[in-house]
Amino acid sequence: MAKPEQISATIIAAHGRHYLAQTDSIKLQCVTRGKKSDVAVGDIVNVALTSPNQGVIESIAERATLLYRSDQYKSKLLAANVTQLFIVVATEPGFSDDLVSRSLVAAEAAGVKPHLILNKIDVTESLAKTRQRLAQYAGLGYPVHEVSARAAPEAAVATLAPLLAGNSTILIGQSGMGKSSLINLLVPDADIAVREISAALDTGKHTTTFTRLYRTAPDTAIIDSPGFQEFGLYHLSEGMLERAFPEFNALLGKCKYYNCHHLTEPSCAVLAALAAGEILPYRHALYVQLLHESSQKLY
């Protein structure tokens with residue numbers, strides 16, 4: 001009996017263990033074998049065809065990057081093979097500094113370049129305060145780009161399109177930040193694509209609960225993700241965490257003890273920099289919190 005034909009495709013949407021994959025010419029509804037759900041949007045997969053538009057995912061190509069979040073019990077894949085992370089915040093409603101900070105750590109740990117996108121700059125009464133909050137991240141070397149998707153759409157596209165070109169970029173942000181407005185600006189016919197994907201995944205016409213990839217050029221992809229309020233990083237080891245804080249990098253290896261945790265140890269280079277005002281207290285507090293979380297992992 002002949003083996004089913006296998007073709008290479010990119011996962012463009014995921015809902016549970018149901019996936020939509022795109023080849024150069026067709027979309028394929030795919031499932032994994034058994035109960036596996038370790039496939040991420042952006043993955044390049046080998047699919048064994050079971051019909052002209054359906055197949056089974058047989059293997060996943062080696063990933064260049066993998067961005068995911070985790071809690072004490074399980075992990076949630078966000079996207080694979082991304083080169084950039086756009087963290088979308090806004091003048092209103094208020095955004096969570098904890099979520100932004102954790103997203104930056106996740107990007108550093110995954111080898112993905114993060115950008116902060118400040119949307120709704122037309123809301124001028126909140127603008128100065130929001131800029132002040134974002135200055136702390138700019139001071140760490142993270143680029144901040146200001147746009148207004150609704151009030152100045154052409155300027156927003158002019159700002160963001162050059163950053164997107166040639167990259168695979170995932171947008172994340174809390175609900176209400178205007179991420180959907182940005183997607184609709186940057187991706188022609190995004191609404192039509194969502195309806196097609198929803199129908200293919202049988203998730204209903206108006207769902208926003210799945211991650212999806214839009215290819216806007218042969219070398220450019222934009223990935224939209226559902227809004228979420230928490231970004232758990234329980235999967236990051238101590239070594240990964242300390243390297244995910246750029247301000248720690250020049251200090252690593254300079255502590256008195258080779259296995260220093262940068263918590264209370266004597267002659268710790270990181271704690272000395274903290275005391276000297278060279279490391280922001282909230283950043284070290286975040287490191288301590290994440291270190292605690294990584295010790296609580298149950299999987």
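None of these values were measured; they are calculated from a predicted model.
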Query raised in the report: Y68 and H235: ring-ring contact (aromatic ring centres under 6.0 Å, His included), yes or no, with the steps?
Result: CA-CA 9 Å; Y68 61 108; H235 58 281; 4.0 Å; yes
Donor-acceptor pair, [X] side chain versus [Y] backbone, under 3.5 Å?
{"X": "R63", "Y": "I44", "result": "no"}
{"X": "S294", "Y": "Y234", "result": "no"}
{"X": "E108", "Y": "V105", "result": "no"}
{"X": "N184", "Y": "S181", "result": "no"}
{"X": "K74", "Y": "S70", "result": "no"}
{"X": "T220", "Y": "T216", "result": "no"}
{"X": "N53", "Y": "I26", "result": "no"}
{"X": "E265", "Y": "L263", "result": "yes"}

Testing the basics here: between [X] and [Y], what is the closest heavy-atom pair and its distance to 0.1 Å?
{"X": "V41", "Y": "L78", "value": "CB-O, 4.5 Å"}
{"X": "L274", "Y": "I279", "value": "CD1-O, 3.4 Å"}
{"X": "L160", "Y": "I117", "value": "CD2-CD1, 3.8 Å"}
{"X": "K179", "Y": "G173", "value": "CE-N, 3.8 Å"}
{"X": "L213", "Y": "R215", "value": "CD2-N, 4.0 Å"}
{"X": "L77", "Y": "L66", "value": "CD2-CD2, 4.0 Å"}

Query raised in the report: Should the ring pair H284 and Y287 be called parallel, tilted or perpendicular, given that the plane angle runs from 0 to 90° and is split at 30 and 60?
Result: tilted
Taking atom [atom1] of [X] and atom [atom2] of [Y], what is their separation to the nearest 0.5 Å?
{"X": "D224", "Y": "T169", "atom1": "CG", "atom2": "OG1", "value": "12.0 Å"}
{"X": "F86", "Y": "I170", "atom1": "CZ", "atom2": "CD1", "value": "12.0 Å"}
{"X": "I12", "Y": "D43", "atom1": "CD1", "atom2": "CG", "value": "13.5 Å"}
{"X": "L186", "Y": "L171", "atom1": "CG", "atom2": "CG", "value": "7.5 Å"}
{"X": "L291", "Y": "Q296", "atom1": "CG", "atom2": "CD", "value": "10.5 Å"}
{"X": "L99", "Y": "R69", "atom1": "CG", "atom2": "CZ", "value": "9.0 Å"}

Query - Carboxylate-amine/guanidinium proximity below 4.0 Å for E247 and R283 - result: yes
Query raised in the report: Salt-bridged, R102 to E293, with N to O below 4.0 Å?
Result: yes
Decide whether [X] and [Y] are clustered together by the hydrophobic rule: side chain heavy atoms of Ile, Leu, Val, Met, Phe, Trp, Tyr closer than 4.5 Å, transitively.
{"X": "V88", "Y": "L163", "answer": "yes"}
{"X": "I7", "Y": "V31", "answer": "no"}
{"X": "I60", "Y": "V47", "answer": "yes"}
{"X": "I11", "Y": "V56", "answer": "no"}

Between [Y] and [X], is there a side-chain heavy-atom distance shorter than 4.5 Å?
{"X": "V45", "Y": "S59", "answer": "no"}
{"X": "C268", "Y": "Y257", "answer": "no"}
{"X": "S96", "Y": "Q174", "answer": "yes"}
{"X": "H261", "Y": "V270", "answer": "no"}
{"X": "I87", "Y": "F231", "answer": "no"}
{"X": "I57", "Y": "C30", "answer": "yes"}
{"X": "K120", "Y": "P93", "answer": "yes"}
{"X": "P143", "Y": "K113", "answer": "yes"}

**Report entry** Worked verdict on L104 versus L85 for side-chain contact (heavy atoms from CB on, under 4.5 Å)
**Finding:** CA-CA 9 Å; L104 292 171; L85 168 64; over 6 Å; no
[atom1] of [X]: more than 12 outside heavy atoms within 6.0 angstrom?
{"X": "D219", "atom1": "CG", "answer": "yes"}
{"X": "E58", "atom1": "CD", "answer": "yes"}
{"X": "E154", "atom1": "CD", "answer": "no"}

Assess the side chains of [X] and [Y]: does a donor N or O sit below 3.5 Å from an acceptor N or O?
{"X": "Q29", "Y": "H18", "result": "no"}
{"X": "D97", "Y": "Y137", "result": "yes"}
{"X": "Q136", "Y": "Y142", "result": "no"}
{"X": "Q6", "Y": "N46", "result": "yes"}

Report task. Output all residues satisfying side chain to side chain donor-acceptor pair (under 3.5 Å) with T83, sequence neighbours left out; order by chain, then residue number. Result -> N167
Query raised in the report: Listed by chain and number, what are the side chain to side chain donor-acceptor pair (under 3.5 Å) partners of R17, not counting sequence neighbours?
Result: none
Report task. Using the six-membered ring of F95, assess whether NZ or CZ of R133 lies under 6.0 Å from its centre and within 45 degrees of the ring axis. Result -> yes
Requested in this report: Could you please spell out the steps behind the side chain to side chain donor-acceptor pair (under 3.5 Å) verdict for T124 and D122?
Outcome: CA-CA 5 Å; T124 52; D122 54 302; over 6 Å; no
Report task. Check step by step if side-chain contact (heavy atoms from CB on, under 4.5 Å) holds for I223 and T211. Result -> CA-CA 7 Å; I223 299 174; T211 303; 3.4 Å; yes
Query raised in the report: Between V39 and T32, is a side-chain contact (heavy atoms from CB on, under 4.5 Å) present by the stated rule, with each step listed?
Result: CA-CA 8 Å; V39 182; T32 53; 3.7 Å; yes
Requested in this report: Apply the test side-chain contact (heavy atoms from CB on, under 4.5 Å) to residues T130 and V123: give CA-CA distance (whole Å), side-chain angles for both, the deciding distance (0.1 Å), then the verdict.
Outcome: CA-CA 10 Å; T130 308; V123 183; over 6 Å; no
Report task. List in chain and number order the residues that pass side chain to side chain contact (heavy atoms under 4.5 Å, CB included) with K129, two or more places apart in sequence or in another chain; answer none if no residue qualifies. Result -> none
